[in-house]
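Encoded as structure tokens, the structure appears first; notes follow it.
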Amino acid sequence: MRKISLLMIALAALGIPNARSQKQLTVKVNQTKADIQPTMWGVFFEDINLGADGGIYAEMVKNRSFEFFRPLMGWDVKRKTEGDVLVVNRKEVNTANPRYLRVTANNAAKGDVVLVNEGFRGMGIKKDLRYDFSIMYHQQQPAVRLTVELIDANGKSIGGTTITPQESGDAWHKAIASFNATATELKGKLKITIEGNGVIDLDMISLFPGDTWKNRPGGMRADMVQLLADMKPGFIRFPGGCIVEGFDLSQRYQWKKTLGPIEERQLLINRWNFEFAHRPTPDYFQTFGLGFFEYFQLAEDIGAEPLPILNCGMACQFNSAEVATLDELDPYVQDALDLIEFANGDASTKWGKVRADMGHSTPFNLKMMGVGNENWGPQYVERLKIFTKAIKSKYPDFKLVNSSGTDPNGERFDYLNNELRKMNADIIDEHYYRKPEWFFENARRYDNYPRNGSKIFGGEYAAQSDKTVSVDNKNCWLTALSEAAFMTGLERNADVVNMASYAPLFAHADGWQWTPDLIWVNNLKSYGTPDYYVQQLFSLNKGNKVVPITLNNDVVAGQDSLFAAAAIDTKTNELIIKLVNASNRSQETSLSLDGVKKLASQGTLTVLQNDDLMAVNSFTEPTKVSPKQSTVKLSGKKINLSAAPYSFSVLRVKI
Ligand code: AHR
């Protein structure tokens, strides 16, 4: 906290000399400096902080197929007699989904045999909403009745139904039933009571809310997807992050195992389950209900280019640092080639057919892919070269994203940056988890980057109010403001920086491992942080041509705590000015527009502002720091813009 106060004093001091005099900014409206790529501002999705299971993937039952290391984790089981409820393992015949429950109801009356699932830190239940229950079962003859109920935190029933499974024989069958909830509850549970006299095998016990995104059965949480859609992201990077690499190679993300019927998708431990001793999450697994098909579909739904990241034959170097030997790299490379076929091939190709059979006959139009996440060292370079050769010789125009490691500077970064540029890498992924000061100070980072050759992807960044991996990091207005200042530098250098995304994206308030995060959720609600609104404002006000904006012939990158970028949207004929005032006083600016023929008599001003740099959004005040829009009157060809203390302003005006 003391360090932040010092920063505030320093920022204020930066503003003192001329804070009261009007700053004369010049915008050269007719001088295009760079094209802004449609992909410029995107999102990075990783299953961390219960981002997928327990988060955007709307399944409410935890451990639905009993595949967690502890098969009954998440379940509370009441038996009439020993052996009434058994975990059975058929791993020899079903490697993807070996376990199921065998329930023997021995003249069981109501209350004798009961299964209760606790959900992901409870189940969020909404009054009057429909809930879709399903179960896979296997029985020799119909003999039992299941009562399915939602219960509140006190155990009271708040909606339910009964099912009497009818099918019998050797095959597995699915039973479904829907019912409405009678009350709202944040910490609900699912209770299944089994009555009758007979044996039934149960698996894939599932419950979804009726209000999933696009009402897809077994789909995603609509409020969370909506927050992404509202950003109009240019791309979505998935599925990680470190989960791509895995603790060791056996735990790496393998996209082929995430396709097809959900009961055939093999569960994998989530690397964030045990990564941080101070934030253990022993119930964190990947069921892959959100798998690669769904990621591509999500990208399509929200109009974002898909950017899958693949394992490059190396496990996480912070963990086991296992590598596949070069002569065993083929399956990894083949995964990359097959993924392009899965996304783009027609139904006559092996993997194109898999996609078509899953319900998407048209291609997903995949144009780029990341090889490796935060991998580094000569081992990465030698593997990357093998991938690059194989992919480029089959798909010469396909773009590859390469890792520059974990940090934006230092020996690791310098080595990779040098090697990747020698290889003429298409896109270099840089990560910056740094303090707000770094973001303010690095607004000029790309002003002197090479203009030719490799492009930059700021693939993961977030200002850390305390320090990286500290549990005290907050998504406060200071972190967001510093990111806004830095992002003006990214936009100014859009000829070099083609893509950028904040990280991580989601965090569950009761199940997070990492903070800060862009969007926070519980089982009923979600809200965007101040950082979210910064990302959203940049994305919604992207424009497609950078034009120069200067103060005393210099870019506006920290003088008197001001940061600015200017762009034109040639489709709407608008000039878009972004102005960050990081000082504690308002600053008057006058913008001279060079080369403008006509200026509209009014513009739209959107301001994100708070006097308190520590201000945060929350479930109770979700929009405390959020944009406010107004109309500003303009006359002549000059614009007078008053930048409030600690503010980020976006002005759009027709030219
Ligand atoms: O975003 C959290 C983690 O930070 C990502 O998994 C990894 O790429 C980085 O170290």
Side-chain angles (χ1 to χ4, degrees), residues 42-53 55-56 228 235-248 251-253 268-276 278-279 281 284 286 290 295 307-312 314-321 369-377 380 401-410 412-413 416 427-435 438-439 456-471 473 475 479 483 499-508 511-520 529 531-532 535:
V43 291
F44 161 48
F45 187 102
E46 175 170 18
D47 189 4
I48 182 172
N49 303 317
L50 306 191
D53 284 271
I56 202 167
L228 301 185
F235 66 90
I236 175 166
R237 176 181 184 239
F238 59 88
C242 290
I243 65 162
V244 168
E245 303 161 59
F247 176 86
D248 60 21
Q251 290 178 11
R252 74 187 189 277
Y253 194 102
L268 185 66
I269 189 165
N270 189 304
R271 165 215 201 273
W272 299 106
N273 179 309
F274 52 85
E275 178 64 16
F276 297 134
H278 58 285
R279 299 289 303 173
T281 319
Y284 203 1
Q286 302 176 79
L290 169 57
Y295 276 120
L307 170 53
I309 308 296
L310 266 65
N311 187 294
C312 63
M314 301 175 77
C316 182
Q317 289 160 277
F318 288 119
N319 295 158
S320 68
M369 169 193 292
V371 177
N373 172 45
E374 276 184 348
N375 294 107
W376 67 77
Y380 174 57
V401 173
N402 299 165
S403 158
S404 64
T406 51
D407 293 276
N409 48 23
R412 227 177 242 169
F413 175 85
L416 281 177
I427 304 166
I428 301 178
D429 180 6
E430 298 187 355
H431 293 182
Y432 4 88
Y433 292 101
R434 290 290 189 270
K435 295 190 65 73
W438 185 94
F439 284 85
I456 298 300
F457 169 32
E460 293 184 27
Y461 62 92
Q464 315 283 300
S465 66
D466 186 24
K467 57 178 187 276
T468 315
V469 181
S470 162
V471 293
N473 285 325
N475 285 97
T479 57
E483 288 148 10
M499 303 163 78
S501 47
Y502 184 98
L505 185 57
F506 287 117
H508 190 298
W512 57 272
Q513 298 79 44
W514 181 296
T515 181
D517 305 285
L518 202 64
I519 294 167
W520 284 79
T529 58
D531 314 71
Y532 169 86
Q535 294 291 321

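For clarity, every value in this text was computed on a predicted model and none was experimentally measured. Counting starts at 1 for both ligands and their atoms, in listed order.
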Looking only at heavy atoms, is any part of Thr406 under 4.0 Å from ligand 1, and if so is it the side chain, the backbone, or both, or is it neither?
->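 Neither part.
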Indicate, as side chain, backbone, both or neither, the part of Phe318 found under 4.0 angstrom from ligand 1 when only non-hydrogen atoms are considered.
-> neither
Tell me whether [X] has any N or O atom under 3.5 angstrom from an N or O of ligand 1.
X      : result
Phe44  : no
Trp272 : no
Tyr433 : yes
Glu46  : yes

Establish, yes or no, whether a centroid distance under 6.0 Å links the rings of Tyr532 and Trp520.
-> no
Enumerated ligand 1 atoms positioned under 4.0 Å from heavy atoms of [X]:
X      : value
Gly241 : 5 (C), 6 (O), 8 (O)
Asn373 : 7 (C), 8 (O)
Pro504 : 1 (O), 2 (C)

Report the residue from Gln317, Arg237, Glu46 that forms a side-chain hydrogen bond (donor to acceptor under 3.5 Å, both in side chains) with Asn373.
->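 Among Gln317, Arg237, Glu46, the one meeting side-chain hydrogen bond (donor to acceptor under 3.5 Å, both in side chains) with Asn373 is Arg237.
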Distance from atom 10 (O) of ligand 1 to nearest protein heavy atom, with residue and atom = Glu374 OE1, 2.7 Å
Write out the residue and atom name of the closest protein heavy atom to atom 8 (O) of ligand 1, then the distance separating them to 0.1 Å.
->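 Its nearest protein heavy-atom neighbour is Glu460 OE2, 2.7 Å.
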The single option from Thr281, Thr515, Leu505, Asp517 passing side-chain contact (heavy atoms from CB on, under 4.5 Å) against Asn49 =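 Answer after filtering Thr281, Thr515, Leu505, Asp517: Asp517.
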Check ion pair Arg271-Glu245 (N to O, under 4.0 angstrom) |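 Result for this pair is no, no salt bridge flagged.
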Ligand 1 contacted by Gly240 (non-hydrogen, < 4.0 Å) =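 For ligand 1, residue contact (heavy atoms, under 4.0 Å) with Gly240 is absent.
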Using 30° and 60° as the class limits, which term best fits the ring planes of Tyr432 and Tyr461: parallel, tilted or perpendicular?
-> tilted
What orientation do His431 and Tyr433 show, parallel under 30°, tilted 30 to 60°, or perpendicular over 60°?
-> perpendicular
Looking at Trp514, is Arg279 sitting on its ring face, NZ or CZ under 6.0 Å from the six-membered ring centre and within 45 degrees of the normal?
-> no
Look at the side chain of Asn311 and the backbone N and O of Val244, then say whether any donor-acceptor pair between them is shorter than 3.5 Å.
-> yes
